[in-house]
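The structure under discussion appears below in the form of structure tokens.
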Number of protein chains: 2
Amino acid sequence: MYEVIEGDALTVLPTLTDGTFDLVLADPPYNSGGRTTTDRTSTSTHDKYVSHDARHGLADFAGDNRDQRGYIAWLSQILAECLRAARPGASALVFSDWRQIPATSDALQAGGWLWRGVIPWHKPIHRPRRGGFAAACEYVLWGSHGPIDIIRNPACLPGWYSASQPRGRDRHHITQKPVDLLRALIRVAPAGGAVLDPFAGSGSAGVAARAEGRTYTGIELTTHYAEIARRRLDQSVREDHQPCE
Amino acid sequence: MYEVIEGDALTVLPTLTDGTFDLVLADPPYNSGGRTTTDRTSTSTHDKYVSHDARHGLADFAGDNRDQRGYIAWLSQILAECLRAARPGASALVFSDWRQIPATSDALQAGGWLWRGVIPWHKPIHRPRRGGFAAACEYVLWGSHGPIDIIRNPACLPGWYSASQPRGRDRHHITQKPVDLLRALIRVAPAGGAVLDPFAGSGSAGVAARAEGRTYTGIELTTHYAEIARRRLDQSVREDHQPCE
DNA sequence: CCTCTCGATGAATCCATCT
DNA sequence: AAGATGGATTCATCGAGAG
């Protein structure tokens, strides 16, 4: 019901059974940041996404060095495999920053999904920007596997969320998403549905799926994060089983 | 200082002097709505965008029947002419709905602007959507004419806004934007700067520019809306000149 | 003047039916 | 067979008007 498979998404996804998932929740490496090859390749993900003065010692993550054409080609394949593993009527939710919205939309549709909308995630704490507008939001692109099954899930969901990034002891990954945000997004899957997460990272989506009563299958490339994800999933289960006082 | 020129943007823009504007604020017809040609083209903008049982008799607007390729080609030309009329370091702000973000980004960059960001506008009033996420936001794409001039305008602006659509007596156009939102956006232009608005509509951007102490040049195709825009601009000036009590 | 209720409505989307 | 037409749906928000 709650598993994290260690391996590359493009290798693991083809081993999954057709039509078994109700929601694909993907938080891929954005491959963004910087318009030039130098910007993309010269620094580690750590230098790229973390303020210079933030000393948290989190590990780098892989797969963040594609140009935009490569990103579209790669993500299209991932999402096409996800479509195959998804039930008709299922949803896909793919995270993106502002710069990659067009590329992510292309990849979503190239993968066979019907593009349904954009959901901004507002981050209350963000870096100010002199001379213009701050990048205060990231985005979730929503797609569906053909017509939406309103019978299975008739929920009316908000089109916008505000949530703070995890900090301090709860922070396990450089680009970790808030569990509250993921819980809200997961409600687009029917109750008891199955969630597929091809880029599990530190497993926040699994914790969220567990809290919302959905099953979870995560895929994570690095041993380091796969272990963190499994530990967090185990703990979230245990916490749930503790008696109320 | 506050003028509304009646005519087609593609005809009027070439008559403007090079390098005179500090901000291009464009709210083009989105040419969006629906997956099919029918959804996009067959109905009037009133049928397309206004609630079935709404009673207001606001006039239709023109130029909302292009397919996506046509939209990109057309908007690119508009924005290229705007770039010529803009000062180096100037900003462009272009409204879009979620579906046209990729096309609008293409047109902005094809017109020679440097894409700088996406600013969501959250609408507290929006239609719910069964089986998924509501379309609760529209978007403003931000571009610049080369490097940003931080000396002329060092402001740090929010990257996200929430504002209700005008209702009742204040409503003049089907797709009218809130003056408060436009005032906030206009602050990206330096104090006393010149704002160019190639799709003036009912002139809300002019009212906002006046309130923020920027000059305004609007272009509007239809006589109907050009007259409304001029009247609203005159009234906003008069209101400002009334003595305080 | 404040509080409350009531009713209108939204840059939508879907689907059955007709041309 | 593809395109056009028309009607039904949805609820948080906000203005108007009453108390």
Side-chain angles (χ1 to χ4, degrees), chain A residues 88-89 91 114-119 142-162 184 187-188, chain B residues 26-68 71 75 94-101 103-104 119-141 161-182 199-202 204-205 225:
Chain A
S91 283
L114 198 52
W115 191 22
R116 293 286 183 171
V118 175
I119 305 147
W142 174 37
S144 75
H145 186 336
I148 291 169
D149 190 345
I150 293 186
I151 311 295
R152 284 198 79 191
N153 189 10
C156 290
L157 299 168
W160 169 83
Y161 296 95
S162 183
R187 289 179 199 134
V188 78
Chain B
D27 185 13
Y30 294 169
N31 288 275
S32 184
R35 277 171 291 132
T36 65
T37 313
T38 305
D39 287 341
R40 214 167 38 241
T41 60
S42 73
T43 55
S44 69
T45 54
H46 197 277
D47 292 341
K48 189 163 150 185
Y49 295 127
V50 176
S51 261
H52 181 246
D53 51 351
R55 297 195 185 154
H56 66 71
L58 297 174
D60 281 332
F61 58 93
D64 200 59
N65 49 8
R66 295 175 179 88
D67 75 5
Q68 201 158 59
Y71 182 68
L75 190 57
V94 186
F95 277 88
S96 172
D97 70 351
W98 67 267
R99 201 187 296 275
Q100 296 288 52
I101 290 175
T104 308
I119 304 147
W121 162 40
H122 173 251
K123 301 182 283 187
I125 307 174
H126 56 261
R127 241 172 250 199
R129 176 162 182 178
R130 266 172 73 92
F133 303 92
C137 294
E138 292 179 33
Y139 300 88
V140 183
L141 272 68
Y161 298 94
S162 183
S164 287
Q165 300 97 314
R167 305 182 72 170
R169 190 169 308 175
D170 293 332
R171 186 123 181 268
H172 306 279
H173 194 285
I174 299 177
T175 68
Q176 188 176 331
K177 303 294 179 286
V179 170
D180 286 347
L181 170 68
L182 296 167
F199 309 100
S202 57
S204 302
Y225 282 120

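Naming convention: chains lettered A, B, ... in sequence-line order (proteins, then strands); numbering from 1 in each chain.
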Expressed as a whole number of angstroms, how long is the span from His46(B):NE2 to dA11(C):C1'? 12 Å
Could you check how far CZ of Arg127(B) sits from P of dA12(D), rounded to whole Å? 15 Å
What nucleotide among dT13(C), dT9(D), dC11(D) has an atom nearest to a side-chain atom of Pro128(B)? dC11(D)
For Arg130(B), enumerate each residue passing the salt bridge (charged side-chain N to carboxylate O under 4.0 Å, His left out) test, keeping only those at least two apart in sequence or located in another chain. none
What heavy-atom pair brings Tyr71(B) and Pro29(B) nearest, and what distance separates the two atoms? CE1-O, 3.3 Å
Contact under 4.0 Å: His56(B) side-chain N or O vs dG10(C) OP1/OP2: yes
Less than 5.5 Å between centroids and less than 30° between ring planes, does Tyr49(B) satisfy that with dG10(C)? no
Under 4.0 Å, counting only non-hydrogen atoms across every strand here, what does Pro28(B) touch: a base, just sugar-phosphate, or nothing? base
I'd like to know if Asp53(B) reaches the base of dA8(D) with its side chain such that a donor and an acceptor end up less than 3.5 angstrom apart. no
Just to be sure I follow the notation: if a pair is Watson-Crick (purine N1 to pyrimidine N3 plus N6-O4 or O6-N4) or a G-U wobble (N1-O2 and O6-N3), each under 3.5 Å, what dot-bracket string does DNA chain C give, with | for pairs to another strand? .|||||||||.||||||||
Specify the separation, in whole Å, of atom CG of Asp149(A) and atom P of dT13(C). 19 Å
Closest heavy-atom pair, Arg66(B) versus Gly63(B), reported as atoms and distance to 0.1 Å, is NH1-O, 2.9 Å
Is Gln165(B) near enough to dA11(C) that one of its side-chain N or O atoms lies under 4.0 angstrom from OP1 or OP2? yes
Quick one: label Ala135(B) by what it contacts on the DNA or RNA (base, sugar-phosphate, nothing), any heavy atom closer than 4.0 Å. nothing
N/O-N/O pairs, protein side and nucleotides 14-16 of chain D side, under 3.5 Å:
residue : atom : partner   : partner atom : Å
dC14(D) : OP1  : Ser164(B) : OG           : 2.6
dC14(D) : O4'  : Arg167(B) : NH1          : 3.2

By nearest-nucleotide position on DNA chain C, the 5'-leaning member of Asp27(B) and Ile150(A) is Asp27(B)
Side chain of Arg130(B) - closest among dG10(C), dA11(C), dT9(D): dT9(D)
Taking C-beta and beyond as the side chain, do Tyr161(A) and Phe133(B) meet within less than 4.5 Å on heavy atoms? yes
Between atom CG in Leu157(A) and atom C1' in dT10(D), what is the gap in whole Å? 13 Å
Does Trp98(B) place a side-chain N or O at less than 4.0 Å from the phosphate oxygens OP1/OP2 of dT13(C)? yes
Strictly below 4.0 Å: does Arg55(B) bring a side-chain N or O up to OP1 or OP2 of dA8(C)? yes
Rounded to whole Å, CZ of Phe95(B) lies from P of dA11(C) at a distance of 12 Å
Counting any heavy atom closer than 4.0 Å, what does Pro29(B) reach on the DNA or RNA strands: base, sugar-phosphate only, or nothing? base
In whole angstroms, how far is the P atom of dA11(C) from the CD atom of Glu138(B)? 6 Å
Note: Ala134(B) and His126(B) closest approach over all heavy atoms is CB-CD2, 3.6 Å
Proximal nucleotide (of dA11(C), dT13(C), dA12(C)) relative to the Arg99(B) side chain: dT13(C)
Test Ser162(B) against every option in Pro124(B), Cys137(B), Pro178(B) by the side chain to side chain contact (heavy atoms under 4.5 Å, CB included) rule and name the one that passes. Pro124(B)
Could you state the CG-C1' distance from Asp47(B) to dG10(C), rounded to the nearest angstrom? 15 Å
Remember a base hit wins even if backbone is also touched, and classify Tyr139(B) as base, sugar-phosphate or nothing at under 4.0 Å, heavy atoms. nothing
Would you say that Tyr49(B) contacts Phe61(B) through its side chain, given a criterion of any heavy-atom pair below 4.5 Å between the two side chains? yes
If you find the nucleotide of DNA chain C closest to Arg129(B) and the one closest to Ser51(B), which residue's nucleotide is nearer the 5' end? Ser51(B)
Closest heavy-atom contact between Asp64(B) and Lys48(B)? OD2-NZ, 2.6 Å
Roughly how far apart are Trp121(B) CH2 and Gln165(B) CD, rounded to 0.5 Å? 5.0 Å
Could you give the distance from NZ (Lys123(B)) to NZ (Lys177(B)), rounded to the nearest 0.5 Å? 7.5 Å
Rounded distance (Å) that lies between atom P of dT13(C) and atom CD1 of Ile148(A): 10 Å
Does some side-chain heavy atom of Tyr139(B) sit less than 4.5 Å from a side-chain heavy atom of Val118(A)? yes
OP1 or OP2 of dA11(C) less than 4.0 angstrom from a side-chain nitrogen or oxygen of Lys123(B), does that happen here? yes
